[in-house]
Engineer: 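Quick one: structure below, then a few questions.
By convention in this document, chain letters (A, B, ...) are assigned in the order of the sequence lines, proteins followed by strands, and residues within each chain are numbered from 1. The analysis underlying the following values was restricted to heavy atoms, covering all of them including side chains, and did not include hydrogens, waters or symmetry mates. Please read these numbers as outputs of a predicted model, since none were measured by experiment.
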Amino acid sequence: MADNDNHMDQDHDNALEEAQVMLGFAEPVDLEEHGPLLAEDFCSKMGGLPIWLNPEHVLDIKDMSCDQCHKPMTFLLQLYSPEDHPAEAFHRVIYVFCCKNGACHKKSPQGCFKVVRSQLGQYNPYYTPVSNDDEDAAEENEGWEPLETSKHAKTCFVCGMYGPKVCSRCHKVSYCSAEHQSIHWTKGLHKQLCGTQPPPTPANLSELSISDNKESKDESEEEEEYDEDGNVIEKKKKALTQTLTKEQQDYANKLDIDYKLVERMNRFPELEIISEAEIFDQEALEEGLADESSGDEQEAEEGWEEKAAALKLKREKKAALLAKKNGGVSKSLETAESSMNALVPVGDEIYENTKTDIDSAFLTFQKRIALYPDQVLRYARMEYELTTPEPLYVSDIGIPKADDIPPCPDCGQQRTFEFQILPQMLNYLGIDHSAADALDFGTVLVYSCKENCHVEGKHYQPEVAAVQHFSEDGMQGGNMTIGPNVSVSSK
Amino acid sequence: MIGGWATVMSRRGGFGRGRGRGGDRGRGRGRGRGGKDEKETWTPVTKLGRLVKDRKIQSIEQIYLFSLPIKEYQIVDYFLPSLKDEVMKIMPVQKQTRAGQRTRFKAFVVIGDSNGHVGLGVKCSKEVATAIRGAIILAKLSVIPVRRGYWGSILNEPHTVPCKVTGKCGSAVTRLVPAPRGTGIVAAPVPKKLLQLAGVTDCYTQAFGSTRTLGNFVKATFAAIGNTYSYLTPDLWSETQFTMSPYQQYTDFLAKPQEKRRA
């Protein structure tokens with residue numbers, strides 16, 4: 001949170017100021033207005049299948065396996081973040097993958113989040129600007145459309161990675177591994193539909209619903225289950241629909257999350273990430289960062305007593321009004337929250353006396369996100385002329401130091417902070433939080449090379465993700481001792 | 001300052017520093033999203049918060065049982081909607097700086113539901129209102145269960161502290177002694193308020209040290225009340241059957257139907 005350039009005078013407002021952060025919010029894909037998400041939309045999204053920037057060269061599953069359990073990782077999100085230099089980074093997408101198994105994250109934070117960067121120049125064999133006769137078509141174009149000559153690599157139906165294998169029956173659906181093939185065969189109900197319908201293209205994948213069973217492919221490993229399958233599959237279907245409680249269903253409907261698709265295909269629910277600038281009063285925040293005062297403070301005599309008394313009266317009146325309105329004790333979750341809504345501290349200093357389970361970094365974090373509580377992403381690299389703001393840490397421990405972040409292998413320079421994923425995103429992933437090994441993190445900081453090094457032939461450059469957890473996490477279930485959490489850093 | 005930003009950033013929305021590209025997707029939020037909608041609902045940040053929002057945890061006692069740290073005050077709001085707060089004192093504190101004196105206000109807030117839960121919050125800030133608001137949130141985060149017991153015969157509801165407990169902060173020491181039914185709270189106004197909000201009906205108190213320092217006095221009483229559950233009384237001598245924490249409770253339940261499906 002601290003300004004890097006505190007030594008600068010307050011008068012020099014323009015030079016070396018921090019850029020504003022762009023926030024990301026998860027919203028359901030607006031199918032009626034815009035249609036499903038396509039590669040030429042260059043959008044940012046989370047969950048579902050990855051939409052490859054470079055449709056000809058896609059990631060292989062071997063590069064994206066968890067270091068702990070060696071299973072293929074699940075696609076978490078992709079961010080479209082174009083840059084001006086170099087020219088090859090005209091189109092630029094950052095992909096983030098994570099291991100769905102929370103136990104891997106607990107064992108070791110390294111290797112459970114993987115980030116890659118993919119970029120394309122302005123003139124590439126895949127996309128062309130929509131034919132527009134304006135002169136400033138390069139500046140503000142109406143959109144892009146795919147070239148007919150662009151080649152598409154085969155992608156796995158379940159995870160979206162490179163799919164060299166193919167269904168042995170219908171030869172239409174591709175897979176990356178035998179594991180995903182069997183998932184599609186059983187859970188994806190491909191067994192019933194193998195050979196019946198044409199394979200879906202990435203364009204209409206998001207329109208698939210559970211009721212439309214698309215083709216499946218299977219290998220002959222599970223031959224014996226065919227006979228009983230008819231009955232077993234029916235029961236399985238029913239069991240799946242019953243697992244969601246009414247509240248979960250309402251919540252899922254609200255967010256348009258198809259939990260069943262998530263469960264079956266081992267993906268996260270697909271949502272679009274919408275950006276919005278963070279507007280806050282920085283001056284008040286800066287004023288609040290006052291020095292620690294301890295010991296040399298004495299009581300003062302001022303005209304503050306009237307103010308305090310008046311305030312007390314006001315609060316009592318307000319409380320009486322509220323009590324009358326709600327008829328005493330408010331039971332529902334929403335009214336309790338709304339009545340306490342006025343108590344969120346806005347732009348105040350972090351100095352506090354009461355010892356609770358929170359540290360000052362967490363307090364700052366809470367105050368900052370209180371302005372936009374449901375943000376899921378904070379993108380910091382917004383301006384060339386201004387400094388990138390520091391990431392918003394969630395705790396005092398586990399802050400990655402400069403040595404923890406390896407430099408870019410191509411240019412050798414230090415990687416800089418680009419964006420961070422906030423824990424609110426976990427609400428949108430459709431995971432069961434009560435499981436002991438559910439996915440959990442405090443924040444994921446993504447560092448990338450600021451020169452956007454381009455290497456010919458290497459389409460996906462690896463970048464670095466550092467995970468920070470909340471402090472004093474007593475989440476070992478039954479373990480009564482709560483000590484400082486193991487500080488985590490990821491290479 | 002915000003006006004200056006608008007001129008520098010000639011693009012609207014989107015991520016990244018490059019010139020705007022792509023279509024209209026992803027720029028700004030749809031109607032009805034940027035309004036009052038988010039202000040009312042709470043988006044949990046910690047795992048405990050998510051479990052509470054999913055209504056997987058039935059009472060705050062489950063959280064206390066496993067000593068899980070509560071980092072979001074909305075969790076306490078959810079379980080204890082009837083908390084009453086009381087501002088004990090607003091104390092202006094000064095610090096000498098080169099440019100004169102800098103005055104800030106320290107607010108002491110006590111919160112409780114008069115039925116076994118109390119919290120104490122202290123917050124210092126430049127404005128009185130901000131200090132009170134911050135102190136209320138800190139008080140909610142520090143809510144602690146209070147154990148009540150009987151003085152004599154075990155009839156009706158518990159009405160007093162289970163045993164003699166003591167708490168100390170600075171030089172102020174507060175001692176709470178069980179009292180027979182109908183005694184009321186025999187204490188100075190400061191600890192009396194705290195004990196009333198805790199739900200203790202009858203209690204004798206003894207105070208030592210400098211009780212004029214209200215900060216230390218109220219913290220000492222709060223510590224004494226908190227010690228009621230730390231004290232090992234003879235009825236707790238039997239072996240405890242450990243139950244599963246909220247995080248483990250559901251794994252078994254989820255495991256069983258899985259097996260049925262595969263079979």
Engineer: Against the six-membered ring of A/F470, is B/K71 placed for a cation-pi contact (under 6.0 Å from the centre, within 45° of the normal)?
Structural biologist: no

Engineer: For B/T213, what residues pass the side-chain contact (heavy atoms from CB on, under 4.5 Å) criterion, not counting sequence neighbours?
Structural biologist: B/S210, B/N216

Engineer: With a 4.5 Å limit on heavy-atom distance, are the side chains of A/Q366 and B/E72 in contact?
Structural biologist: yes

Engineer: Find the distance between OH (A/Y428) and OG1 (B/T43) and round it off to the nearest 0.5 Å.
Structural biologist: 5.5 Å

Engineer: Are A/P423 and B/K47 side-chain neighbours, meaning at least one heavy-atom pair lies under 4.5 Å?
Structural biologist: no

Engineer: What part of A/A438 lies closer than 4.5 angstrom to a heavy atom of chain B: side chain, backbone, both or neither?
Structural biologist: both

Engineer: Looking only at non-hydrogen atoms, find the nearest pair between A/L439 and B/R50 and report the distance.
Structural biologist: O-NH1, 4.3 Å

Engineer: What part of A/L422 lies closer than 4.5 angstrom to a heavy atom of chain B: side chain, backbone, both or neither?
Structural biologist: neither

Engineer: Who pairs with B/F222 by ring pair (Phe, Tyr, Trp, His ring centres under 6.0 Å), at least two apart in sequence or on another chain?
Structural biologist: none

Engineer: Check each atom of B/D85 against the heavy atoms of chain A and say whether the ones under 4.5 Å are side chain, backbone, both or neither.
Structural biologist: side chain

Engineer: Compare all side-chain heavy atoms of B/P44 with those of A/N427 and state whether any distance is below 4.5 angstrom.
Structural biologist: yes

Engineer: Tell me, side chain or backbone of A/I94 under 4.5 Å from chain B's heavy atoms, or both, or neither?
Structural biologist: neither

